[in-house]
Amino acid sequence: MKIALGCDHGGFELKETIKRQLEEAGYDCKDCGCFSTESCDYPVFGEAAARAVASGECEKGIVICTTGIGISIAANKVKGIRCAHCADTLEAQLCRQHNNANMLALGAGFTGPKLASEMVKIFLNTEFEGGRHARRVALMDGIEG
């Protein structure tokens, strides 16, 4: 599975930690930046990661900024993206089971590396339940204009 990664300066260190974790687990990563802790604009990197997922180049994506909020909003502007900002493992599980989220957003200022690592594992290994949830995901996707 190929995973798109994107972050701003506030999420750089956590992105690097997650990238190492994913590569050690055998995932292929597309690093969409940023590449340092120098101040930068999160929408650029959230969009780049989201476009890699929306195009099918990557199966899922993970984006990180200080809060996780701004970069999730940026990613969700790309048609076909369902980016869920999660703060705990249950949200990481349910965003996949119920919402078929294809991207996970994390807030590096609030989520430490151990919790983030567990959330990423859960996000990548949880299947979409379908059923009644498929109807709701279809309704969400229909909102895109």
Side-chain angles (χ1 to χ4, degrees), residues 1-12 14-35 40-145:
M1 180 183 301
K2 189 169 185 179
I3 310 298
L5 299 172
C7 71
D8 71 353
H9 54 282
F12 174 73
L14 185 56
K15 181 202 69 168
E16 291 298 305
T17 298
I18 288 171
K19 185 165 97 172
R20 279 191 302 277
Q21 166 196 342
L22 292 172
E23 289 173 344
E24 288 171 5
Y27 290 95
D28 185 15
C29 295
K30 176 182 175 80
D31 190 339
C32 298
C34 75
F35 302 102
C40 62
D41 299 320
Y42 60 82
V44 172
F45 305 104
E47 178 187 4
R51 292 209 182 278
V53 174
S55 72
E57 178 185 358
C58 296
E59 293 176 59
K60 290 191 174 65
I62 300 165
V63 289
I64 309 163
C65 67
T66 301
T67 65
I69 297 168
I71 204 161
S72 70
I73 293 170
N76 277 315
K77 297 287 185 178
V78 175
K79 185 177 172 123
I81 295 302
R82 290 177 303 280
C83 183
H85 171 249
C86 297
D88 62 43
T89 55
L90 182 58
E91 288 178 328
Q93 175 187 335
L94 293 175
C95 79
R96 288 286 309 128
Q97 286 178 332
H98 293 184
N99 308 117
N100 200 19
N102 51 12
M103 294 188 73
L104 172 67
L106 300 171
F110 301 89
T111 306
K114 282 187 169 186
L115 177 57
S117 173
E118 191 59 29
M119 290 169 66
V120 166
K121 285 180 198 171
I122 290 168
F123 176 78
L124 295 177
N125 291 299
T126 300
E127 296 295 323
F128 177 50
E129 286 182 354
R132 70 185 186 279
H133 304 296
R135 181 180 74 249
R136 294 167 185 153
V137 169
L139 287 168
M140 285 190 292
D141 288 347
I143 295 169
E144 294 175 338

Revision key, fill the gap. Correct closest heavy-atom pair for T17 and P113 would be CG2-CB, 4.3 Å
Exercise for review: Report the distance from atom CG of D28 to atom SG of C58, rounding to the nearest 0.5 Å.
Suggested key: 7.5 Å
**Study point:** Nearest atoms (heavy-atom pairs only) where I71 meets Y42
**Key:** N-CD1, 3.6 Å
Let me have the donor-acceptor pairs involving side chains of residues 98-108, under 3.5 Å, with sequence neighbours excluded, atom names and distances please.
from : atom 1 : to  : atom 2 : distance (Å)
N100 : OD1    : R96 : NH1    : 2.9
N102 : OD1    : R82 : N      : 2.8
N102 : ND2    : G80 : O      : 2.9

Acceptor/donor pairs from residues 43-54 side chains to any protein atom, 3.5 angstrom cut, sequence neighbours excluded:
from : atom 1 : to  : atom 2 : distance (Å)
E47  : OE2    : R51 : NE     : 2.8
E47  : OE2    : R51 : NH2    : 3.1

Check your understanding: Are the side chains of V120 and I3 in touch, meaning some heavy atoms are under 4.5 Å apart?
Key -> no
**Study point:** Any donor-acceptor pair under 3.5 Å from K60 side chain to M1 backbone
**Key:** no
Check your understanding: Does any pair with a residue in residues 52-94 pass ring-ring contact (aromatic ring centres under 6.0 Å, His included), and if so which ones, sequence neighbours excluded?
Key -> none
Practice item. Supply the atom-to-atom distance I64 CD1 to K15 NZ, rounded to the nearest 0.5 angstrom. Key: 8.0 Å
Check your understanding: Going by the salt bridge (charged side-chain N to carboxylate O under 4.0 Å, His left out) test, which pairs reach into residues 121-134, not counting sequence neighbours?
Key -> none
Review point. Listed by chain and number, what are the salt bridge (charged side-chain N to carboxylate O under 4.0 Å, His left out) partners of K30, not counting sequence neighbours?
Key: E57
Review point. What closest approach, in Å, do A84 and C95 show between heavy atoms, and which atom pair accounts for it?
Key: CB-CB, 3.6 Å
Point to revise | Inter-residue atom distance Q21.CD - I62.CD1, 0.5 Å rounding | key: 7.5 Å
Check your understanding: So do the side chains of T89 and L115 get within less than 4.5 Å of each other, counting heavy atoms only?
Key -> yes
Check your understanding: If you look only at pairs with a residue in residues 100-123, which of them pass as a ring-ring contact (aromatic ring centres under 6.0 Å, His included), with sequence neighbours excluded?
Key -> none
**Study point:** CG (D141) with more than 12 external heavy atoms under 6.0 Å
**Key:** yes
Check your understanding: Taking all non-hydrogen atoms of both residues, which atom of I69 and which atom of C65 are closest, and how far apart?
Key -> N-SG, 4.0 Å
Practice item. Looking only at non-hydrogen atoms, find the nearest pair between F35 and F12 and report the distance. Key: C-CE1, 3.3 Å
Point to revise | For T111 against M119, the heavy-atom pair lying closest together | key: CG2-SD, 4.0 Å
Point to revise | Euclidean distance, C34 SG relative to L5 CG, rounded to 0.5 Å | key: 11.5 Å
